[in-house]
Amino acid sequence: MTTTPYTSAIGRFAPSPTGSLHFGSVVAAVASFCMVKKLGGEWLVRIEDLDQPRVVAGATDTILCQLESLGLYWDRSIIFQSQRSERYREILDQLQKDQRLYPCDCSRKEILASAPHIGEEGPIYPGTCLRQPPQHSKPTALRLKTTTETVSFDDLIQGRYEQELAHEVGDFTLRRADGTFAYQLAAVVDDHDSGVNQVVRGRDLLSSTPRQIFLFRQLGFSIPQYAHIPLALSCNGEKISKRHHQVCFTPAVTPQTLLFQALTFLGQDVPCDLKTEKTAIIVEWASRNFVLTRIPAQDHCISTACD
Ligand code: GLU
């Protein structure tokens with residue numbers, strides 16, 4: 001696997017504007033910020049707003065305010081995926097020219113009925129439209145042809161991870177029939193175009209990474225380093241998310257407390273006397289002293305977050 005040689009580290013935080021930041025996303029923001037700052041690099045923020053029906057009005061502003069309140073400042077202009085359609089189209093055209101894509105009009109129901117088995121990522125598409133292209137002019141999705149080659153990579157936290165895409169995931173969608181560009185496409189193109197060479201994000205995206213690496217390779221782009229951080233569980237074992245109405249940013253929780261909880265969740269040994277300092281001091285300490293190897297690989301529970 002080729003990884004980008006570090007001239008300078010470039011990391012990013014890529015929230016979807018579906019609501020306010022929850023504890024898991026605060027942890028991802030803190031980890032991606034500290035890891036890249038420790039290397040003296042730049043931290044970018046990208047708003048993943050392609051799935052318009054899921055976008056909540058005002059959420060982007062809320063998220064940016066929350067990042068600022070934590071003392072996490074980005075180094076370049078914010079990237080909005082909704083403004084990058086032309087670039088995604090250009091990449092799809094290139095892949096189409098290279099015959100790596102094919103149109104697909106199968107419905108979810110048809111895929112479910114025809115899939116040989118259900119993988120970690122849902123039903124494995126059996127290639128129906130590859131063998132028998134759609135014959136009409138109704139809008140189609142575009143799928144990327146996968147191969148039986150095993151895609152493997154060494155995650156900085158989770159260790160070696162591998163997937164044989166053709167059998168474990170199947171040919172996957174890069175553009176939906178309604179014209180929406182898929183997350184896998186947009187994330188790869190944006191990471192490449194911004195020069196991102198360090199991707200730090202939640203472990204729930206670990207199984208997307210082989211698809212992204214495959215696409216990086218198909219496009220001849222260099223592959224970033226990946227670090228997938230553990231997910232925050234509530235103490236009854238569920239993943240903490242917006243669905244649990246976990247409100248971190250309430251007047252009762254100071255940004256200092258939240259930074260402390262996030263850093264503690266990431267296994268960092270934060271001196272207690274920093275608790276009463278300004279966020280800028282805590283963030284500066286964390287950027288200088290962050291130790292990647294202290295981050296536990298396993299998801300774990302936070303009993304005190306956000307209360
Ligand atoms: N937008 C995704 C999320 O909010 C993160 C995607 C990524 O970091 O690649 O979970």
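Whatever order the structure lists them in is the order used to number ligands and atoms, beginning at 1. In this text, all values refer to a predicted model and were calculated from it rather than measured experimentally.
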Checklist entry - Is it true that Phe33 and Phe13 have ring centroids separated by less than 6.0 Å? => result no
Exercise answer: donor-acceptor pairs, residues 175-185 side-chain atoms, under 3.5 Å, sequence neighbours excluded:
unit_1, atom_1, unit_2, atom_2, d
Arg175, NH2, Thr140, O, 2.7
Arg176, NH2, Asp178, OD2, 3.4
Asp178, OD1, Thr180, N, 2.9
Asp178, OD1, Thr180, OG1, 2.8
Asp178, OD2, Thr180, OG1, 3.3
Tyr183, OH, Arg201, NH1, 3.1
Tyr183, OH, Gln212, NE2, 3.2
Gln184, OE1, Gln212, NE2, 2.9
Gln184, NE2, Ser208, OG, 3.2

When you pair each N or O of ligand 1 with protein N or O atoms, which pairs come out under 3.5 Å?
unit_1, atom_1, unit_2, atom_2, d
ligand 1, 1 (N), Ala14, O, 2.7
ligand 1, 1 (N), Ser16, OG, 2.9
ligand 1, 1 (N), Glu48, OE1, 2.7
ligand 1, 4 (O), Ser16, N, 3.3
ligand 1, 4 (O), Ser16, OG, 3.3
ligand 1, 8 (O), Arg12, NH1, 2.6
ligand 1, 9 (O), Arg12, NH1, 3.4
ligand 1, 9 (O), Arg12, NH2, 3.0
ligand 1, 9 (O), Tyr183, OH, 2.7
ligand 1, 9 (O), Arg201, NH1, 2.9

Next on the checklist: Using the rule side chain to side chain donor-acceptor pair (under 3.5 Å), only one of Asp51, Asp49, Asp190 pairs with Gln81; which is it?
Outcome noted: Asp190
Item to check | With Phe265 via ring pair (Phe, Tyr, Trp, His ring centres under 6.0 Å) - residues at least two apart | outcome: Phe23, His300
Checklist outcome for this item: Taken in chain and number order and not counting sequence neighbours, the residues that satisfy ring pair (Phe, Tyr, Trp, His ring centres under 6.0 Å) with His167 are none
Checklist outcome for this item: Tightest non-hydrogen contact, residues Gln158 and Pro230, listed as NE2-N, 4.4 Å
